[in-house]
Colleague: 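Here it is, the structure, as structure tokens.
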Amino acid sequence: RTTATFSFAGPLPMPNYDGKLILNLVRANDLRRVQLLGKQDPYVEVVYRKNKKKTSVSKDGDRSPVWNSAVELKIENDAQPYVTLNVMNKNVTLDEKIATLRVPVAVLVSSDAESWIPLFKEEEHRSKAGKLLLSAKFEGTKGLPGTPNPSRYGLVSAHYGVETLTADVLGFLESKVADLKLVFKSNQDLSGYFGFDPLNHHMSGKKLVLAYLRNDKVVRVEIGEKHKDVTIQLEDYGMRAADAKAAQLAAKAAESKAAASRLEQEKAEAEERAKKEAEMKAAYLAQMNKTAADLKSAQEMNMLTANNLAITQAKVEELKRKQVNLETLLQVAKAKSAALERDHSQKMANFVCYGARYRLRHKNTGKYLISQNGLKYPNGSHQQEVGCGAGDAKNTHVWIIGCGLRVHGDMNLRNGDRVMNQDMVRLRHEQSGNRLHSHGERSWKHRDQQEVTCFDGGSDDNDDWRVECDGGWRPGALVRLVHIRENAALHSHDTMRDFNNRLQDVTAVKNRRDDNDFWIAEAV
């Protein structure tokens with residue numbers, strides 16, 4: 001099957017959608033994740049024109065939320081109504097879109113049964129982002145002609161759409177029969193022919209699946225987006241027309257009767273609501289009058305009683321007791337604050353934490369990862385040099401750990417938290433303020449390895465490193481730092497450089513790992 005660009009034809013001679021669309025949103029599966037930490041809290045936002053309705057939030061529903069929520073939309077005088085279903089992740093600040101689908105009402109109401117429909121990452125419906133279980137019901141007049149029963153021309157079934165998003169167009173095709181034929185011109189735009197696009201912007205897979213009787217045998221035909229001239233020869237089943245007409249009239253009569261019954265029921269319900277509201281208002285006014293009378297009586301009693309002074313003195317004593325209690329609570333709060341401070345200090349001693357200062361010692365050589373402000377590579381990127389040495393009193397070997405740019409632009413966002421396995425971090429050199437960095441530039445000597453620098457430009461994702469350790473990162477424990485973009489491990493060996501301060505060589509090695517990749521953090 002090939003792709004085609006769809007465009008709508010002019011208005012079709014069919015009644016507009018006019019009535020109430022009821023969507024029962026059951027649950028979703030395989031939703032894409034947009035939240036890095038914790039579980040997602042999804043809900044569904046249903047949009048029709050400027051109207052928006054929301055389901056309840058599935059707390060911690062993550063990729064398989066359950067709602068079982070019904071949403072009603074009023075659709076008035078619209079020949080081609082579309083509904084947009086947005087699955088959103090509830091956040092404290094700004095909610096984030098997980099998946100979306102823009103689908104015609106004609107597709108939604110083709111079946112009352114629950115069915116799974118695909119969800120997509122973007123409005124162009126290119127990348128799938130999960131699936132949604134729902135059912136839909138439309139109460140009112142529909143845009144597509146109703147399915148004839150029986151068909152005058154022996155049409156058995158006809159559905160147009162893509163995957164599970166199909167609309168029943170049998171009644172529409174029944175009205176298009178001419179001279180006992182259905183004719184589709186070569187490469188005819190089916191979306192324009194039927195007056196709706198079953199999946200807007202989606203560029204492949206849309207087709208018409210038609211079944212009809214020919215010599216009392218069922219013939220099945222599929223017409224895709226690209227096709228040659230197709231002519232379907234039908235037979236005249238006119239003998240059934242009278243029965244079909246009678247059934248149609250009976251259905252309309254039943255529909256009219258049901259509509260009248262609904263109107264009567266709605267009228268009775270409205271009258272009952274009005275009666276209850278009037279009773280509630282009367283009860284509220286009576287309560288307000290009683291309260292006013294009680295207040296007036298209390299005021300008169302206070303003015304006449306001689307106990308006002310005693311009451312006031314008692315209240316003063318009560319306030320004094322409350323003040324003592326508050327002072328006691330303040331002392332308890334101070335004690336708790338001191339305990340929390342002690343716990344925080346203990347945590348900083350036992351674990352590597354964001355915002356803290358550390359030295360990184362190479363496991364095999366025992367030398368420290370250092371850099372010096374203004375001392376740059378004489379070749380390659382000419383950025384600030386990074387190597388291994390003994391360290392000095394100028395803090396050239398001190399690094400501060402912050403959160404990765406992929407997590408947040410502010411390195412200090414997670415200060416005080418433990419650094420865990422697989423965390424994305426940035427390491428800022430205390431003496432120069434620059435960040436540990438790597439890129440595609442080759443090492444000065446080992447051309448199969450990458451240059452490691454201390455970057456003094458604006459922060460980018462070449463500053464991000466992934467922590468690989470056993471559980472949480474602890475001082476004294478082995479850790480591997482992997483450059484995320486290049487998948488290259490921070491590496492050193494006993495090769496000494498012949499420029500600047502003749503430091504021990506430090507590189508980043510891709511696609512292989514060894515003991516020279518391990519480092520040990522020491523608190524400063």
Side-chain angles (χ1 to χ4, degrees), residues 31-42 59-63 87-99 121-122 127 129 344 347-348 350-360 369 371 383 386 398-430 432-440 450 452-475 477-490 508 510 517 519 521 523-524:
L31 292 181
R32 75 182 184 105
R33 287 188 55 82
V34 298
Q35 182 170 307
L36 291 177
L37 300 175
K39 293 186 177 181
Q40 302 179 134
D41 302 325
K59 182 68 175 176
D60 293 334
D62 202 35
R63 301 188 65 208
V87 180
M88 309 292 292
N89 181 31
K90 183 67 176 178
N91 287 322
V92 175
T93 55
L94 183 64
D95 295 352
E96 189 172 1
K97 185 183 292 184
I98 300 174
K121 177 181 177 181
E122 62 283 299
S127 305
H344 178 70
K347 176 182 175 182
M348 294 290 287
N350 293 339
F351 303 101
V352 174
C353 297
Y354 288 99
R357 303 163 65 244
Y358 296 94
R359 295 180 296 186
L360 292 177
L369 185 72
S371 186
Q383 296 177 11
V386 174
V398 178
W399 302 83
I400 299 172
I401 299 177
C403 70
L405 180 63
R406 287 173 172 82
V407 177
H408 199 276
D410 184 3
M411 282 186 63
N412 301 319
L413 177 69
R414 298 189 61 188
N415 281 4
D417 290 347
R418 291 176 57 186
V419 181
M420 304 300 291
N421 181 38
Q422 300 300 315
D423 273 7
M424 293 183 286
V425 301
R426 285 178 282 181
L427 283 80
R428 178 164 57 83
H429 186 236
E430 184 177 65
S432 66
N434 298 333
R435 296 162 304 284
L436 189 66
H437 182 91
S438 187
H439 41 231
Q450 294 181 186
V452 174
T453 71
C454 208
F455 188 46
D456 58 356
S459 185
D460 60 34
D461 57 8
N462 274 329
D463 301 339
D464 282 356
W465 300 79
R466 182 175 67 251
V467 175
E468 293 186 358
C469 61
D470 186 12
W473 189 3
R474 297 175 180 268
L478 295 181
V479 67
R480 179 182 282 123
L481 297 172
V482 179
H483 189 257
I484 295 176
R485 169 170 280 188
E486 298 292 337
N487 192 30
L490 187 66
K510 296 179 66 172
D517 302 338
W519 301 81
V524 178

Colleague: Residues in side chain to side chain contact (heavy atoms under 4.5 Å, CB included) with Asn91, at least two apart?
Modeller: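 Checked Asn91 against side chain to side chain contact (heavy atoms under 4.5 Å, CB included); matches are Gln35, Asn89, Asp95, Glu96.
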
Colleague: Measuring from atom SG of Cys353 to atom OH of Tyr358, what distance do you get when rounded to the nearest 0.5 angstrom?
Modeller: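 Rounded to the nearest 0.5 Å, the SG-OH separation comes to 5.0 Å.
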
Colleague: Donor-acceptor pair, distance only, cut-off 3.5 Å: does the side chain of Gln450 make one with the backbone of His439?
Modeller: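 Yes: the side chain of Gln450 pairs with the backbone of His439.
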
Colleague: Ignoring hydrogens and geometry, is there a side-chain-to-backbone donor-acceptor pair from Arg32 to Ile98 under 3.5 Å?
Modeller: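 Present.
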
Colleague: Indicate the atoms forming the closest heavy-atom contact of Val452 with Val386, along with that distance.
Modeller: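 So the two residues come closest at O-CB, 3.8 Å.
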
Colleague: Report yes or no: does Trp519 contribute a side-chain atom to a donor-acceptor pair with the main-chain N or O of Leu490 at less than 3.5 Å?
Modeller: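 Checking the backbone N and O of Leu490 against the side chain of Trp519, a donor-acceptor pair under 3.5 Å is found.
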
Colleague: Start with the C-alpha distance between Asp41 and Lys59, add both sets of side-chain angles, then the distance that settles side-chain contact (heavy atoms from CB on, under 4.5 Å), and finish with yes or no.
Modeller: CA-CA 5 Å; Asp41 302 325; Lys59 182 68 175 176; 3.5 Å; yes

Colleague: Rounded to the nearest 0.5 Å, how far apart are CD of Glu468 and CG of Leu481?
Modeller: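 Here the interatomic distance stands at 9.0 Å.
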
Colleague: Between Leu478 and Cys469, is there a side-chain heavy-atom distance shorter than 4.5 Å?
Modeller: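 No, side chains not in contact.
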
Colleague: Can you give me the closest heavy-atom contact between Arg63 and Leu31, atom names plus distance?
Modeller: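 Closest approach of Arg63 to Leu31, heavy atoms only: NE-O, 2.6 Å.
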
Colleague: Compare every heavy atom of Ala99 with every heavy atom of Ala129, then report the nearest pair and how far apart it is.
Modeller: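 Nearest pair, atom of Ala129 first, then Ala99: CB-CB, 3.8 Å.
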
Colleague: Do Glu430 side-chain atoms and Ile400 backbone N/O form a donor-acceptor pair below 3.5 Å?
Modeller: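 Not at all, since once roles are kept as given, no pair shorter than 3.5 Å links the two residues.
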
Colleague: Using the ring of each side chain (for Trp, its six-membered ring), is His483 parallel, tilted or perpendicular to Trp465, with breaks at 30° and 60°?
Modeller: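 Correct class here is perpendicular.
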
Colleague: So, for Gln40 and Arg33, which heavy atoms are closest and what is the spacing to 0.1 Å?
Modeller: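 Looking at all heavy atoms of both residues, the closest pair is OE1-CA, 3.2 Å.
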
Colleague: Does a side-chain heavy-atom distance below 4.5 Å link Trp473 with Met420?
Modeller: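 Answer no - side chains too far apart.
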
Colleague: Nearest 0.5 angstrom please: Leu427 CG to Asn434 CG, how far?
Modeller: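 The CG atom of Asn434 is 13.0 Å from CG of Leu427, to the nearest 0.5 Å.
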
Colleague: Using side-chain contact (heavy atoms from CB on, under 4.5 Å) as the criterion, point out the one residue from Asn412, Leu413, Asp417 that pairs with Tyr354.
Modeller: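 Only match with Tyr354 under side-chain contact (heavy atoms from CB on, under 4.5 Å): Asp417.
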
Colleague: Please round to the nearest 0.5 Å and tell me the distance separating atom CD1 of Ile401 and atom CZ of Arg414.
Modeller: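 Taking CD1 in Ile401 and CZ in Arg414, the distance rounds to 11.5 Å.
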
Colleague: To the nearest 0.5 Å, tell me how far Phe455 CZ sits from Asn462 CG.
Modeller: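 So the gap between those two atoms works out to 8.5 Å.
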
Colleague: Which one of Asp463, Asp461, Asp464, Asp460 satisfies the side-chain hydrogen bond (donor to acceptor under 3.5 Å, both in side chains) criterion with Arg485?
Modeller: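 Checked Asp463, Asp461, Asp464, Asp460 against Arg485; only one passes side-chain hydrogen bond (donor to acceptor under 3.5 Å, both in side chains): Asp461.
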
Colleague: Compare every heavy atom of Arg426 with every heavy atom of Ser459, then report the nearest pair and how far apart it is.
Modeller: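 Heavy atoms of Ser459 and Arg426 come nearest at OG-NH1, 2.9 Å.
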
Colleague: Please report the C-alpha distance between Val482 and Asn487 in whole Å, then the side-chain angles of each, then the deciding distance to 0.1 Å, and finally whether the side-chain contact (heavy atoms from CB on, under 4.5 Å) criterion is met.
Modeller: CA-CA 6 Å; Val482 179; Asn487 192 30; 3.7 Å; yes

Colleague: To the nearest 0.5 Å, tell me how far Asp456 CG sits from Arg435 CZ.
Modeller: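 Interatomic distance, Asp456 CG to Arg435 CZ, rounded to 0.5 Å: 8.0 Å.
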
